[in-house]
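Worksheet for the structure shown next.
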Amino acid sequence: VQLQASGGGLVQAGGSLRLSCAASGRAVRAYDMGWFRQAPGKEREFLSAISWDGSSTYYSDSVKGRFTISRDNAKNLAYLQMSSLKPEDTAVYYCAAKRYYPTTVVGKYDYWGQGTLVTVSS
């Protein structure tokens, strides 16, 4: 499974961005997807996850109500819609994939995209 995250950029506080994660490989539609971020000097942080069929979603408290995860299995894409962005949301954002069940645990994901930088200016 190969993943490619895109959609990052510079945005003002209060603005919105939509990140995309393009997935390719065998049976990729059967994978649960997660979004994470890592700010300089900090550990990688779970943000959101979605089950393979989109029926279940999970969010960290830090983004609940501001970010929305979704997926389009017909296009092999996952999305993270981010709104009401804050300067503390500045980080490199990663998508990840795993089988069998979504989880918040970074180490449980088997495949990772290369990351896309989101910078939120105040």
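Note that the structure is a prediction, hence the values are computed from the model and not measured.
Closest of all the heavy-atom pairs between S122 and A13 is CA-CB, 4.3 Å.
Note: S24 OG to Q4 CD = 8.5 Å, rounded to the nearest 0.5 Å. Annotation: the span from S70 atom OG to I50 atom CD1 amounts to 6.0 Å, rounded to 0.5 Å. If you take CG on N76 and SG on C21, they are separated by 10.0 Å, rounding to the nearest 0.5 Å. Here the CD-NZ distance, from E88 to K42, works out to 8.5 Å after rounding to the nearest 0.5 Å. Atom CG of residue D32 and atom NZ of residue K98 lie 6.0 Å apart, to the nearest 0.5 angstrom. Atoms OH and SG, from Y111 and C95 in turn, are 14.0 Å apart once rounded to the nearest 0.5 Å.
Between W52 and M33, every side-chain heavy-atom pair lies at or beyond the 4.5 Å cut-off. Side-chain atoms of L80 and L47, non-hydrogen and from C-beta on, do get closer than 4.5 Å to each other. Taking 4.5 Å as the limit, some side-chain heavy atom of K86 sits within range of a side-chain heavy atom of R66. Annotation: side chain of Y59 is in contact with side chain of I69 (closest heavy-atom distance under 4.5 Å). Here the side chains of V1 and Y31 are in contact, with some heavy-atom distance below 4.5 Å. The closest side-chain heavy-atom distance from Y109 to T103 is below 4.5 Å. Looking at S48 and T57, their side chains never come closer than 4.5 Å, going by heavy atoms from C-beta outward.
Using modelled atom types, one finds no donor on one side chain facing an acceptor on the other under 3.5 Å when comparing Q12 with S121. Side-chain atoms of R18 and Y79 include no donor-acceptor pair closer than 3.5 Å. For the residue pair S62 and E45, a side-chain donor N or O sits within less than 3.5 Å of a side-chain acceptor on the partner.
No donor-acceptor distance shorter than 3.5 angstrom exists from the side chain of S56 to the backbone of S51, with no hydrogens or angles considered. Side-chain atoms of Q114 come within 3.5 Å of backbone atoms of A5 as a donor-acceptor pair (strictly under, hydrogens ignored).
A continuous path of ILVMFWY side-chain contacts below 4.5 Å connects V106 to Y94, so both sit in one hydrophobic cluster. Residues W112 and V92 fall within the same hydrophobic cluster, defined by Ile, Leu, Val, Met, Phe, Trp and Tyr side chains chained together at heavy-atom separations under 4.5 Å.
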*Yes or no on side-chain contact (heavy atoms from CB on, under 4.5 Å) for Q81 and S16, after CA distance, side-chain angles and deciding distance?*
CA-CA 8 Å; Q81 178 68 46; S16 299; 4.0 Å; yes

_Check against salt bridge (charged side-chain N to carboxylate O under 4.0 Å, His left out), D53 and R71_ = CA-CA 8 Å; D53 61 353; R71 66 190 297 163; over 6 Å; no

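Because its NZ or CZ atom is not both nearer than 6.0 Å to the ring centre of F36 and within 45° of the ring axis, R44 does not count as a cation-pi partner of that residue. Geometrically, K64 does not engage F67 in a cation-pi contact, judged by NZ or CZ lying under 6.0 Å from the ring centre and within 45° of the ring axis.
Partner of V118 under the side chain to side chain contact (heavy atoms under 4.5 Å, CB included) criterion, chosen from L19, T90, D89: L19.
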